[in-house]
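Below, all heavy atoms of this structure are taken into account, side chains as well, without hydrogens, waters or symmetry copies.
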Amino acid sequence: MTAKAITAVAAALNGYAPRGQERPEVPAEDVLAALSQIDEARQRLDAMELKLIRAARDRGSSWQKIADATGLGTRQSAETRALRLERGAKSYHGRDVAAQRLDKARDRAEAAWCEENADTIRDVAERFYDTSGAWNLQNLDGDADIRAAVHSIGELLATDGSRAGLAGLLAVSRFRLAPHDGEAVKPTGTRAADAAQALTDVKKLISERSAARYRVTSARDTAAS
């Protein structure tokens, strides 16, 4: 999940909806998925801040100017902040082995769920792909991601490829066509109803996959827990 998707989930929880649309329902699985990515997002922001501080210092900026730019007030506060970021960057890569093990356990649970539901994943993917023309993807400005995702779904279906890969591509498509923080794309044409039903089934599938993943709360948990 990207930072943009995390923001979208938070906006939906705050009741944001485009004018004329009902407040979206936010499944618990989406909230948990967003929450699980907060620490990584925070680390990326800290790394970016440290990089900017270093760049400012390399270009002759004083600690006081950095303090002013970051709202810290004093040069001592800016130096302390930079030191904390330096320490954080060094510790992050080797930190929290338990969290890394939990991520791997969740990956295994998700992969196991995909294997157990392989036929359902393929069925949903086939119906979504077969009706994808109803979404007018070529007219979605700047949306190369979903066009690439739909193309890749077709390739995986043709080669009987990874079900986990299909599920991931369906998730990309789901969040673009029915985002939490924007207007949902509406299918058109003679297959609009079939396309809408296929997307509904995609949403259900992705929600179940997320539920399987986040049922794992410990690295000792099994996929069946």
Side-chain angles (χ1 to χ4, degrees), residues 1-34 36-37 110-111 113-214:
M1 179 174 280
T2 65
K4 182 178 179 181
I6 294 172
T7 301
V9 171
L13 290 172
N14 287 333
Y16 170 81
R19 181 174 297 178
Q21 292 191 28
E22 295 182 2
R23 175 178 175 175
E25 291 295 327
V26 185
E29 291 78 15
D30 286 358
V31 178
L32 291 172
S36 73
Q37 298 300 310
E110 186 176 306
W113 182 90
C114 289
E115 287 298 319
E116 291 168 4
N117 294 273
D119 291 342
T120 301
I121 292 171
R122 183 175 179 88
D123 174 66
V124 172
E126 284 179 340
R127 287 188 289 110
F128 176 76
Y129 184 76
D130 288 345
T131 59
S132 60
W135 298 105
N136 296 315
L137 300 181
Q138 297 303 321
N139 295 327
L140 294 180
D141 292 339
D143 244 320
D145 284 352
I146 187 172
R147 289 193 288 271
V150 171
H151 177 74
S152 296
I153 287 171
E155 290 184 333
L156 284 178
L157 288 172
T159 60
D160 198 28
S162 164
R163 299 302 190 263
L166 278 175
L169 292 166
L170 288 171
V172 171
S173 303
R174 174 258 185 271
F175 283 108
R176 173 57 189 91
L177 294 175
H180 290 308
D181 64 340
E183 185 175 355
V185 180
K186 297 190 182 302
T188 60
T190 59
R191 304 207 66 188
D194 291 337
Q197 182 58 55
L199 182 59
T200 296
D201 292 340
V202 167
K203 292 178 182 178
K204 182 175 182 290
L205 185 79
I206 299 309
S207 179
E208 291 175 355
R209 185 191 67 159
S210 293
R213 179 178 181 85
Y214 293 106

Is the backbone N or O of Tyr129 less than 3.5 Å from a side-chain atom of Ser132, with the two atoms forming a donor-acceptor pair by type? yes
When rounded to the nearest 0.5 angstrom, what distance separates CG in Leu166 from CZ in Phe128? 11.5 Å
Can Asp201 and Arg127 be counted as an ion pair, charged N to O under 4.0 angstrom? yes
Please examine the side chains of Ile121 and Trp113, heavy atoms only from C-beta on, and report whether any two atoms are closer than 4.5 Å. yes
Does a sphere of radius 6.0 Å around CG in Asp160 hold more than 12 heavy atoms from other residues, nucleotides or ligands, not counting ones at 6.0 Å or beyond? yes
Find the distance between CG (Leu169) and CZ (Arg174) and round it off to the nearest 0.5 Å. 15.5 Å
Minimal heavy-atom distance between Ala164 and Cys114, with the atoms involved, is CA-SG, 3.8 Å
How many angstroms lie between atom OG of Ser173 and atom CZ of Arg147, to the nearest 0.5 angstrom? 12.0 Å
Could you tell me the separation between the CD1 atom of Ile206 and the CG atom of Leu199, rounded to the nearest 0.5 Å? 10.5 Å
Distance from Asp119 atom CG to Arg163 atom CZ, nearest 0.5 Å? 7.0 Å
Answer yes or no: is there an ion pair linking Asp130 with Arg191, defined by an N-O contact shorter than 4.0 Å? no
dist Leu177:CG -> Ile146:CD1 (nearest 0.5 Å) comes out at 3.5 Å
Taking all heavy atoms of Val124 and all of Ala198, pick out the closest pair and write down the distance. CG1-O, 4.4 Å
I'd like to know if Glu110 pairs up with Arg209 as an ion pair, taking the criterion as any Lys NZ or Arg NE/NH1/NH2 lying under 4.0 Å from an Asp or Glu carboxylate oxygen. yes
Between the main-chain N or O of Leu157 and the side-chain N or O of Arg122, is there a donor-acceptor pair closer than 3.5 Å? yes
Testing the basics here: between Trp135 and Val185, what is the closest heavy-atom pair and its distance to 0.1 Å? CZ3-O, 3.1 Å
Run the side-chain donor-acceptor check on residues 148-156: report pairs under 3.5 Å with partners two or more places apart or on a different chain.
unit_1: His151; atom_1: NE2; unit_2: Glu155; atom_2: OE2; d: 3.1
unit_1: Ser152; atom_1: OG; unit_2: Ala148; atom_2: O; d: 3.0

